[in-house]
Structure formats: structure tokens, C-alpha cells
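Everything below concerns the one structure shown next.
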2 protein chains.
Amino acid sequence: MSNNHFKKGELYSFITGKASTAIARRLQKKFNAAGLNITIEQWSVLYHLWKEDGRSQQQLCNATFRDKPSITRLVDNLEKLNLVKRVASESDRRINLIYLTKQAQKLEEETMQIADDTLNEALKTVPPERIDVCKEVLQIVYDNLK
Amino acid sequence: MSNNHFKKGELYSFITGKASTAIARRLQKKFNAAGLNITIEQWSVLYHLWKEDGRSQQQLCNATFRDKPSITRLVDNLEKLNLVKRVASESDRRINLIYLTKQAQKLEEETMQIADDTLNEALKTVPPERIDVCKEVLQIVYDNLK
DNA sequence: TTTGGATAGTTGCACAAACAACTATATGTC
DNA sequence: GACATATAGTTGTTTGTGCAACTATCCAAA
């Protein structure tokens with residue numbers, strides 16, 4: 001019978017995700033301080049396009065764990081910022097393939113460095129093996145619920 | 001020198017908080033399925049009022065890790081739902097003390113049970129000692145950045 | 001070949017978050 | 001007491017999220 005392990009006082013942070021909220025806020029502040037005019041959510045879309053350019057919006061939904069309207073609007077805003085371009089698929093006209101602009105390609109290195117720094121700040125006092133356990137637990141949580 | 005421990009592929013989930021997003025969504029669905037007409041964010045405010053009723057909005061900001069405008073609007077919406085009432089402090093007229101209504105008091109048991117169930121689903125396959133490590137790491141992250 | 005169901009994407013609406021600018025009240029110092 | 005400063009809360013704007021309803025396209029079965 002699983003772990004009736006959580007006392008009331010403990011469940012709150014898990015649900016509200018205070019840690020990831022804190023990380024995201026710090027990262028956003030660093031982006032702003034660097035004069036980078038993008039949101040964390042926009043960055044999370046770019047992140048997956050840097051890994052593989054030309055994904056469809058639906059693929060971005062799966063990758064970013066967002067629903068279709070959210071991606072529609074993130075892509076809208078990224079297009080306004082001239083960071084991506086929608087290109088209709090030739091083989092299936094329902095599909096938009098999303099491509100990075102040159103301007104967006106230039107952002108990869110700097111923003112990844114900032115993200116790296118942010119995580120090092122967040123985790124600087126945590127031994128690597130405990131980080132690994134934490135990552136694994138969060139992955140299991142995600143797999144259990146997704 | 002800290003842990004240059006994160007390879008690119010690993011930092012994404014930490015930043016985006018996929019696990020806590022998944023938990024929150026599942027909890028929201030369960031609230032909806034139970035006919036409970038409240039959001040997770042509203043619930044998180046009620047949560048702290050159940051622990052101690054009559055807190056000020058500023059205290060709720062600190063407790064929920066939200067800024068003042070966010071709390072103003074959450075309290076607005078909770079008031080519309082007849083779940084809390086703003087009462088001007090006698091000693092300091094800048095302060096609103098927020099009190100639960102009878103209707104909100106009735107929600108505590110049911111919603112806490114649902115939250116408990118949700119976390120048990122999320123963590124059912126995770127050994128307790130690993131959960132503890134994960135909680136500690138997340139707490140440290142929060143303390144490092146808050 | 002038509003038709004019915006699935007899939008990709010968009011739009012409208014309500015709610016929430018972050019930031020800046022604002023009002024009102026309190027407090028400490030001269 | 002007057003003034004500067006700090007604190008509590010509100011409002012406006014932009015951005016993002018979740019849901020439902022919608023359009024367009026594809027595909028498979030009759």
C-alpha cells in the first residue's frame with residue numbers, strides 16, 4: 001500500500017513546485033539582465049528546436065508538455081520576435097514545421113550558458129549523487145502522471 | 001568547484017518543473033471531477049489559511065511565494081466564490097486580514113484527502129528514502145535561490 | 001467516391017504571473 | 001508637527017495556461 005508517507009506539512013512544496021519556480025524566476029532575471037528579450041517559456045521552445053530544427057507544433061507540444069493552444073501562442077510570439085518561422089509541410093498540409101531564424105541560432109550558446117550557471121547556483125551545495133536521486137524521482141513522478 | 005554536473009540534456013526538466021506541473025494538473029483534474037470549483041492556486045491560498053486563519057495578504061505572499069498583485073487577485077477570486085473575507089486590521093489600516101468562510105472550512109478535509117491521493121499516485125513506485133532525498137534537494141534549491 | 005473519424009492547428013474565454021506605477025497608511029527623525 | 005521613507009495593497013499591461021469549440025486536412029472503410 002504505497003507510501004502513506006506524506007504528512008500534510010510536506011506535500012505543499014511538491015505540488016506547488018517552489019523549487020522549479022525559483023529556478024525559472026532566477027533564469028528569467030538573468031535573461032533580462034543580459035538584455036535577452038525572451039521569456040522562459042519561449043526559451044523552452046527554442047531549446048527543443050536547437051536540438052532538432054523543423055519540428056511540428058504537435059511535436060513541440062509533446063516535447064514541452066504543453067497543449068496545442070499554448071504552443072500556437074508561443075510560436076505566434078516567437079514569430080513576432082523573428083526567432084522562428086512557420087513553414088507549411090509539403091506532405092501534409094495540416095502541419096506547420098517550425099524553423100529557427102539565424103537570429104535564434106545565435107541565442108543558443110549564450111542562453112545555454114546562462115541556464116547552466118543558474119542550475120549551478122541552485123545546486124551548488126548539493127552533492128552530485130543526491131542530484132541524481134532527485135532527478136530520478138522527478139522523472140518517475142512525471143512518468144506516473146503524464 | 002561546484003558541480004559542472006549538468007549536461008545539456010539534463011537541465012531542461014529541472015528548469016521547467018515538469019514533475020510539479022504534472023502533479024498540479026492531475027490534482028486540478030481531481031478537483032474538477034469531484035465538482036470542486038476551485039483552482040490549484042486558490043487551493044494553495046486556502047491551504048495556508050487552514051493552517052492559520054486571518055493572515056494578511058503580505059503573509060500570504062510569503063507563504064505562497066507569490067507577489068502582491070497575484071495575491072490581490074487570488075483573494076479577489078476567492079472572495080467572489082465566498083470562500084474568504086477581507087477584514088481591515090484594527091491596529092494597522094493598511095492591512096487586510098483574510099478569513100475563511102464556513103464554506104471554505106468545509107473544503108479542507110476533502111481537498112487534503114485528494115491532494116494526498118494525488119501525491120501517492122505520483123510517488124507510489126518511489127521508496128520513501130529516495131523521496132526524502134528529493135525533498136531535501138528541492139528545499140536546498142529553493143533556499144539557494146529565494 | 002463518399003463519408004466518418006482522427007489529427008493539426010486556431011480562436012475565445014477565464015484564470016494566473018511578473019512587472020511597473022499607483023494610493024493609502026504607518027513610522028522614524030528633525 | 002512635518003517630512004521622508006517604508007510598507008500594504010490595488011490596478012494596468014503583457015504573457016502564458018487550460019479547456020472547449022471550431023476549421024482544415026488526412027485517411028480508411030464501405
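Below, read A as the first sequence line, B as the second, and so on, with proteins coming before strands; counting in each chain starts at 1.
Every pair passing side chain to side chain donor-acceptor pair (under 3.5 Å) that includes a residue from residues 94-105 of chain B is listed here, sequence neighbours excluded: Q57(B)-N96(B), D92(B)-R94(B). For residues 137-146 of chain B, the set of pairs meeting the side chain to side chain donor-acceptor pair (under 3.5 Å) definition, not counting sequence neighbours, comprises T125(A)-N144(B), Q139(B)-D143(B), D143(B)-K146(B).
In this structure D117(A) satisfies the side-chain contact (heavy atoms from CB on, under 4.5 Å) test together with Q113(A), sequence neighbours excluded. In this view, R93(B) satisfies the side-chain contact (heavy atoms from CB on, under 4.5 Å) rule with no residue, not counting sequence neighbours. Applying the side-chain contact (heavy atoms from CB on, under 4.5 Å) rule to K68(A) yields the partners Q58(A), C61(A); only residues at least two apart in sequence or on another chain are considered. When the salt bridge (Lys or Arg N to Asp or Glu O under 4.0 Å) test is applied to R25(A), no partner is found at least two apart in sequence or on another chain. Take E79(B) and apply the side-chain hydrogen bond (donor to acceptor under 3.5 Å, both in side chains) test, not counting sequence neighbours, and it matches R86(B). Applying the salt bridge (Lys or Arg N to Asp or Glu O under 4.0 Å) test to E109(B) and every residue at least two apart in sequence or in another chain returns nothing.
Rounded to whole Å, atom C1' of dT14(D) lies 12 Å from atom CG of L81(A). Following rounding to the nearest Å, R73(B) (CZ) and dT11(D) (C1') show an atom-to-atom distance of 6 Å. In this structure, the CD atom of E79(A) is 15 Å from the P atom of dT15(D), given to the nearest Å. Distance CD (Q42(B)) to C1' (dG18(D)): 14 Å, rounded to an integer number of Å. Separating the CG atom of L97(A) from the P atom of dT25(D) is a distance of 16 Å, rounded to the nearest angstrom.
Proximity note for E41(A) (side chain, C-beta onward) versus dT11(D), dA8(D), dG16(D): the nearest is dG16(D).
Of the two residues contacting DNA chain C, namely K80(B) and I95(A), the nearest-nucleotide position lying further toward the 5' end is that of I95(A). Comparing I71(A) and S91(A) along DNA chain D, the residue whose closest nucleotide (by nearest heavy atom) sits nearer the 5' end is I71(A).
In this structure, CD on Q42(A) lies 5.5 Å from CG on L81(A), to the nearest 0.5 angstrom.
The nearest pair of heavy atoms linking S70(B) to R66(B) is CB-CB, 4.0 Å.
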For nucleotides 5-7 of chain D, print each protein N/O atom paired with a nucleotide N/O atom at under 3.5 Å, atom names and distance only.
unit_1	atom_1	unit_2	atom_2	d
dT7(D)	O2	R94(B)	NH1	2.9

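Note on D76(B): nothing from the nucleic acid sits closer than 4.0 angstrom, heavy atoms only. As judged by a 4.0 angstrom heavy-atom cut-off over every strand, D67(B) is placed among the base-contacting residues. If you check every strand for non-hydrogen atoms under 4.0 Å, L74(A) touches sugar and phosphate atoms only. Within the 4.0 angstrom heavy-atom criterion, only backbone atoms of the sugar-phosphate kind lie near R93(B); the bases stay farther away.
Residue R66(A) has a polar side-chain atom (N or O) positioned under 4.0 Å from OP1 or OP2 of dT17(D). Within the structure, a side-chain polar atom (N or O) of T39(A) is placed less than 4.0 Å from OP1 or OP2 of dG16(D). Dashed line: the shortest gap from a side-chain N or O of N77(A) to OP1 or OP2 of dG16(D) is under 4.0 Å.
The nucleotide range of DNA chain C contacted by chain A, defined by atoms under 4.0 angstrom from heavy atoms of the protein and reported 5' to 3', is dA6(C) to dA18(C).
Near DNA chain D, defined here as any heavy-atom distance below 4.0 Å, there are no residues from residues 25-37 of chain A.
Looking at D132(A) and K135(A), a side-chain N of the basic residue comes within less than 4.0 Å of a carboxylate O on the acidic one, giving a salt bridge.
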Indicate every side-chain donor-acceptor pair of residues 30-38 of chain B with a distance under 3.5 Å to a residue at least two apart or in another chain.
unit_1	atom_1	unit_2	atom_2	d
K30(B)	NZ	E121(B)	OE2	2.5
N32(B)	OD1	Q28(B)	NE2	3.1
N32(B)	ND2	Q28(B)	O	3.4

